[in-house]
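The sequence lines fix the lettering, A, B, ..., with proteins before strands; numbering per chain opens at 1. What you see below is based on every heavy atom in this structure, not just the backbone, and it leaves out hydrogens, waters and symmetry mates. What you see is a predicted model, and the numbers here were worked out from it, not measured in a lab.
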Amino acid sequence: METSVASAVVDRRANPSGERDLLERADRRELLRYMALMRASEERAITLYRQGKIPGSFYDGCGQEAISVGAAFALAPADRACILHRDLGAHLVRGVTPDRYLANYMGRAGGVTGGKDGNMHFGDRRLGCVGMVSMLPDMASVACGLALAMKMRGEPRVAMTFFGEGSTANGQWHEAMNFAGIHELPVVFVLENNRFAYSTPNELEFAVDPVERARTYGFVGVVVDGNDVEAVFRAATEAVERARSGAGPTLIECQTMRMHGHGAHDDMSYVPAEMRAEWARRDPIERYRSTLLEEHGFSADEIEEILSAVSDEVAAAAEKALAFPMPEPAAAFEGVFAEEFEPLGDGSAPWSRWAHANGDGANGGGPS
Amino acid sequence: METSVASAVVDRRANPSGERDLLERADRRELLRYMALMRASEERAITLYRQGKIPGSFYDGCGQEAISVGAAFALAPADRACILHRDLGAHLVRGVTPDRYLANYMGRAGGVTGGKDGNMHFGDRRLGCVGMVSMLPDMASVACGLALAMKMRGEPRVAMTFFGEGSTANGQWHEAMNFAGIHELPVVFVLENNRFAYSTPNELEFAVDPVERARTYGFVGVVVDGNDVEAVFRAATEAVERARSGAGPTLIECQTMRMHGHGAHDDMSYVPAEMRAEWARRDPIERYRSTLLEEHGFSADEIEEILSAVSDEVAAAAEKALAFPMPEPAAAFEGVFAEEFEPLGDGSAPWSRWAHANGDGANGGGPS
Amino acid sequence: MSAVETRETTQGQGAIRELTYLEAISEALREEMRRDPAVFCLGQDIGAFGGAFKVTDGFYEEFGPQRVLDAPLAESAIIGAAVGAAIEGMRPVCEMQFADFIACGFDQLVNVAAKMHYRQGIAVPMVVRLPSGGGFSGGPFHSQNPEAWFLQVPGLKVVAPATAADAKGLLASAIRDSNPVCFLEHKGMYRSVRGDVPEGEYVVPLGSARVAREGAELTVIAYGSTVAPALQVAEELGEDIEVLDLRSLCPLDTGSILASARKTGKVLVAHEAGQTCGAGAEVAALIAAEAFEDLDAPVRRLTAADVPVPFSPPLEQAVLPQAEDMKEACRELLAY
Amino acid sequence: MSAVETRETTQGQGAIRELTYLEAISEALREEMRRDPAVFCLGQDIGAFGGAFKVTDGFYEEFGPQRVLDAPLAESAIIGAAVGAAIEGMRPVCEMQFADFIACGFDQLVNVAAKMHYRQGIAVPMVVRLPSGGGFSGGPFHSQNPEAWFLQVPGLKVVAPATAADAKGLLASAIRDSNPVCFLEHKGMYRSVRGDVPEGEYVVPLGSARVAREGAELTVIAYGSTVAPALQVAEELGEDIEVLDLRSLCPLDTGSILASARKTGKVLVAHEAGQTCGAGAEVAALIAAEAFEDLDAPVRRLTAADVPVPFSPPLEQAVLPQAEDMKEACRELLAY
Ligand SMILES: Cc1ncc(C[n+]2csc(CCOP(=O)(O)OP(=O)(O)O)c2C)c(N)n1
Ligand SMILES: Cc1ncc(C[n+]2csc(CCOP(=O)(O)OP(=O)(O)O)c2C)c(N)n1
Ligand SMILES: [Mg+2]
Ligand SMILES: [Mg+2]
């Protein structure tokens, strides 16, 4: 093991995008676990929503787990992320625990925003994340700004952000892409084409697949199967390495499908039944489970153990979240202005590479 | 002549973009005349500016005359135009007289906006034009809206608008292009790449020439020599015919150079001398003058006569403009709100085609 | 309130039915589209889906995709295209999926649409529908009341109905107006507010406030979501309180405002939007300047706190003006 | 004014020189960039060209292209990138080529920058420089005073200096502040306003108004371009008029405002921006509510007319508040 690990490490350095394997067995375990954790956490949240314990509206990323998990898995601790509303997996990978996610949905004091904001409008600053705003895709320019700061200071760090295909119709998207291209910023744009923007199908959002535009902004655009977590991870790793090495941005289009309504209130009546059925067969978690069984020598028991550990974790998280108090009304009047500046903290980076990479600067050498 | 004209007309119908000649001798006269009229009017305006008769700032399109003249020359009376700040020629072609242009710059009651707005921020609604706003390139979406109305009503009419290459970096540009592509709107986008946005060179505006993007919005993008008035006219005619026939938008990039400062206050110190010299050799008016002499059998006298008529016209226009009174202060408080809706009028369409085309619906069959 | 509504609706021709605020908006829009082929809708998910709040439910089937246009996620293009279409003789009605998103089309609204007629004499007959307001844990981005931004912009008309009848009558007027009109429809009232609405042609002119309750001791000036609480508070206090529902913020019915202020000498201005530079600031400043001699107490304002609207219920309730706060403010003024 | 300036500048360390308003802004920016490597500028044509108004003239040579970043024609990207860079520890100073163009980056400013700390506890230390105001035939798109929009948005600080010393001191404070600050610099004052400014470190705290002239009979509350005319009018009338220069609109120095209003009992609020829901509405409403008992006359406002700022000189003069109008308003109030 030692040697193989060592050589694996070398391989990763030498040829991050090459044929040799970027992932160790433990990494694959984690990829499955994070996807399952996202699925289970969101399913638990839906139940809480149905029970009336979640105020406002509810959004999830069912069917898209491979994207946020696979992409975020490529990040180093000192990298930064602006995570969107279908991407709970990325929050989990960076270190947000399900209890704080559920608590945020319930508006509890223990939620990531302490009740100030709700549903997926959060990001844990102590984990290197800047929470999304609703206006889409405004975080794309913010990610460019994070990357600009890194570039100005000559830090080998990367900013990653996500957006849906519908958001690419917005001018904010264009301004961010164009700006990133001009300055060759170390930023990775993950485009989740889940076929719909709320009820609006691709053909009413754009005439040509937006990934085609990457080239016209001066950087690489790639398309991957968004339901294949390792494919997403490989594309993200290449993009992150490209950014870290100073070779500029990448736009990764992940082809997928939104398997739930836009929000819990949406019955998706506008989606053809065949389309749903076809994509159901491509469920990213089921697929990865088979991959692990068939190609990576995982046993059914091992996988069962992973999944049951996940459900135990989520059950405990729900208990914990429900135990959090609601915030004190007085808190509503605090925090409009900052008294002082405090830098973001670094996020978790579960990919085994970083364990091996300690101190070699691959964590970006940024604040940690 | 009659027959040749007749056949010419037939040719134009049959094959607008083909090898056969779209232009009659009189048209060529007009193309030269409008370019010269734009040049002379702007030179006169600069003098007025230097004399302190023009308040605020001053902008012109010196060196870009072939673009606004050549593009607008392709329009039918019922077509609509949103004309930008380098495009006096398009206003002249649509029927704005130089005295009203000069008066607008001087803030006189006789100016197109009656003093409400200044410099190039005007458009004569009675001539089918919607004047530009400063925010660039906002008129692109407005032109899409004009085109959308035409399409909804099934009218064979076209909207044309202009913008500089710098404006393509703005989100408004992207939203307009994307919207036009989705709905295949009858709109023609004329992109004037004059190498600079104020002092900012192309390489700081975008990483890839924006004309490349047309395809990614689902329509045609073409590049023409923006200092060749007939080349611009041919490209515009093709684009207008394409739009009129329901085949959607076109983005025409006209390669040119801004030969004066961004405004009269700008000495262009940021432009390399060789670059200026090189483009000076490509002056669109000088070039067309030689073309007419060498290829179209115009005599030197004839051209002199055209040009001296132009300077007489401008001299008279300046007199007239200077005779207009300043507006009454009371006018400042009028017109914030409209009492009733009034449709735009149609513009002049000096291209001989329209004289021949009367009643054949080629004028768009719109309100006239 | 119903008494007032009855007086209102007698202006209409058709029979009276009770509708929700949302049904009234829908009806006005549908009837205007039937009446005038130039009227069309433009917005995200308004077509086959019928809109995020179902205001255009069934429109796609009745009017087809051309007149119920599903727009891409691009507010500037929506407003800008509406401006162009309006200039060409159409009457676009844009829907912002939430009022908050007007910030994304702000430039087209304030610089292109609003200034068009003043600068060029070109009328821009368009309506921007703005589902606004909070109270249901919409959070900072789905609860905003942006009217004050518009009021600072000459050339925009701004209306904010508080009843189902006004929702119908004001939307009809807005669509027929020759100017850009910002139509604020409070999401919290969509289904909670119901009232008598006449069938068919029913128009409420822009620029006229409505005395929702007559009184002589104190005037509560409200609009949108604060009108119903004002009426309730007046009833509960059993005092001689007048409630003036502004309905239009621009044009502002300064005559009715000053008449009521002079009559009662005591005024509370109440709205859900934040306080600083809100509509209430303008109304209070107007009264303080023009009715100075007739005031028996300082003009008070009851508004949201100047913070983003938070998500969690206890926080949101602390921030948004509550009926109890209004009752307290009325008591203080009456006792002044 | 100079008397007051002298008092002001004695707070500074360095020697006193006379600078123009524009030179003072430039100096503050240059000194902050020298002091703190995290400070950088972002805007159109600010690099080699030195900016449309030459505020960053020579910066490119001193600090290089990285810290004096020529931005594309994309205000949303400018504000958005500044937000991101600020969060990563930089201190971006964005220049809008004209304040009017903030409408094009509005969403990033009001929804992303302003709400960031409240929602997530993430500080966004950035400045947006806004060359604002009219008076030189800039027309409807180069003359706007957009401060009221910002004042309706919790989370934005807003300052508008009226003197060269304050321009330097307030910009230094804005850059050192941990929040988004909208810095309104009036184009008409760039070269027309000069005054004593201390060399080196000179900081004027945000949120404190300045008594530009002491008086007991009437208070003229002004900021930005209306301060100098107010002082001039006070001199010309030879009356006991106090002039309060707000300097900061958010935080607003309500203490100084109310103290002065209570002292004189008569207040004129004057600004160049339009009247409806302007900063003057807020100040007037505040005084009417809090100083009611001490008022001897109605609080008056002198502002631009609620129309777009027209281009032609006679029209523009009719629309923008003039010193003569101010004199007249003061006379009326004194005689009240
Ligand atoms: C600027 C803006 N306009 C409108 C909305 C309302 N809205 C919320 S989600 C959504 C659809 C987004 O589609 P897409 O970008 O494909 O992301 P998805 O939800 O499919 O992951 C819309 C229109 C918004 N959030 N932002
Ligand atoms: C949204 C916006 N931001 C900034 C400006 C200020 N400005 C006026 S002209 C100009 C440069 C425009 O360059 P380009 O689009 O290439 O047109 P050109 O003047 O070169 O014809 C700029 C930045 C503006 N008009 N609009
Ligand atoms: Mg989508
Ligand atoms: Mg240019």
Contacts of residues 250-263 of chain A with chain B (heavy atom under 4.5 Å): none
All side chain to side chain contact (heavy atoms under 4.5 Å, CB included) counterparts of A:Ala176, not counting sequence neighbours: A:Ala140, A:Ser141, A:Cys144
Reported CZ-to-CE distance for the pair A:Arg213 and B:Met177, which is rounded to 0.5 angstrom: 11.5 Å
Contact leader toward chain B among A:Gly218, A:Gly181, A:Ala169, where contacts are heavy-atom pairs under 4.5 Å: A:Ala169
Top of B:Glu205, B:Glu184, B:Glu203 for chain A proximity - count of heavy-atom pairs under 4.5 angstrom: B:Glu205
Test side chain to side chain donor-acceptor pair (under 3.5 Å) applied to A:Gln172 - qualifying residues, sequence neighbours left out: D:Ser76, D:Asp107, D:Gln108
A:Glu212 side-chain N/O to B:Thr216 backbone N/O, donor-acceptor pair under 3.5 Å: no
Whether A:His174 and B:His174 hold their rings parallel, tilted or perpendicular, with breakpoints at 30° and 60°: parallel
Neighbours of chain B found in residues 186-201 of chain A - heavy atoms under 4.5 Å: none
Least distance between heavy atoms, A:Arg215 atom then B:Val208 atom: O-CG2, 3.3 Å
